[in-house]
Chemist: 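Quick one: the structure is below, questions incoming.
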Amino acid sequence: MRIFELRRGDRRRIVGLPADADRRRYYESLGLFPGAVVEVIFAARYGLAVRVAGVRLALSRDAALEVEVSEHDAAFAVRQSQFGQEHAV
């Protein structure tokens, strides 16, 4: 599954990056590396914005189609309390 296929609020773990060494280093410099958890904060047909390690990143559609993420994992399910705080379900 590609990160581009996710919707707003989805959290997944990165499992794969492009094979090209230069592009892989570029994504890793942004904090996108295998094992990192990403959360989609905005999604549109032309790209998306994600949060990785507390940092917001904007990714073009082409970039988002290169980053592979895990399938749904219950460990990333989050519920928001009535006071606006997030906690794991």
Side-chain angles (χ1 to χ4, degrees):
M1 171 181 265
R2 304 294 177 172
I3 198 170
F4 186 74
E5 299 170 39
L6 301 179
R7 288 183 275 173
R8 184 174 181 243
D10 287 348
R11 290 184 185 187
R12 298 291 190 276
R13 191 171 303 275
I14 295 175
V15 295
L17 293 173
D20 179 20
D22 290 335
R23 293 180 87 144
R24 185 180 190 90
R25 273 194 300 275
Y26 173 70
Y27 288 123
E28 289 173 349
S29 74
L30 295 174
L32 300 171
F33 54 87
V37 176
V38 296
E39 177 186 2
V40 177
I41 54 177
F42 175 79
R45 60 184 167 86
Y46 50 82
L48 48 87
V50 297
R51 182 177 293 128
V52 178
V55 177
R56 293 183 203 170
L57 299 173
L59 298 175
S60 69
R61 182 179 194 275
D62 293 336
L65 286 169
E66 292 183 328
V67 180
E68 292 181 48
V69 294
S70 62
E71 295 295 323
H72 180 70
D73 187 351
F76 299 124
V78 172
R79 186 182 331 179
Q80 193 164 3
S81 74
Q82 65 184 11
F83 303 110
Q85 298 170 332
E86 293 182 348
H87 59 279
V89 177

Chemist: Do Tyr26 and Val55 belong to the same hydrophobic cluster, where Ile, Leu, Val, Met, Phe, Trp and Tyr are linked whenever their side-chain heavy atoms lie under 4.5 Å apart, directly or via other members?
Modeler: yes

Chemist: CZ of Arg56: more than 12 outside heavy atoms within 6.0 angstrom?
Modeler: no

Chemist: To the nearest 0.5 Å, what is the distance between CD on Glu66 and CG on Asp20?
Modeler: 8.5 Å

Chemist: For Ala36 and Gly31, work out which heavy atoms get closest and say how close.
Modeler: CB-O, 3.8 Å

Chemist: Quick one: closest heavy-atom pair of Leu65 and Phe4, and the distance?
Modeler: CD2-CB, 3.8 Å

Chemist: Could you state the interatomic distance from CZ (Phe42) to CZ (Arg51), rounded to the nearest 0.5 Å?
Modeler: 14.0 Å

Chemist: For residues Leu30 and Val52, determine if any side-chain heavy atom of one lies less than 4.5 Å from a side-chain heavy atom of the other.
Modeler: no

Chemist: Would you say Val37 ends up clustered with Leu57 if hydrophobic residues are merged whenever their side chains have heavy atoms under 4.5 Å apart, either directly or through other cluster members?
Modeler: no

Chemist: Tell me if a side-chain donor or acceptor on Arg13 pairs with a main-chain N or O of Gly35 at a distance below 3.5 Å.
Modeler: yes

Chemist: Would you mind reporting whether Met1 and Leu6 have side-chain heavy atoms less than 4.5 Å apart?
Modeler: yes

Chemist: Is there a side-chain contact between Val38 and Val67 in this structure, where contact means two heavy atoms from C-beta onward sitting under 4.5 Å apart?
Modeler: no

Chemist: Given the rule that I, L, V, M, F, W and Y join up when any side-chain heavy atoms are under 4.5 Å apart, are Val50 and Leu17 in one cluster?
Modeler: yes

Chemist: What is the minimum heavy-atom distance between Pro18 and Tyr27, and which atoms define it?
Modeler: CG-CE1, 3.5 Å

Chemist: Could you report the tightest heavy-atom contact between Pro34 and Arg24, atom names first, then the distance?
Modeler: CG-NH2, 3.9 Å

Chemist: Measuring from Glu68:CD to Ile3:CD1, what's the distance to the nearest 0.5 Å?
Modeler: 11.5 Å

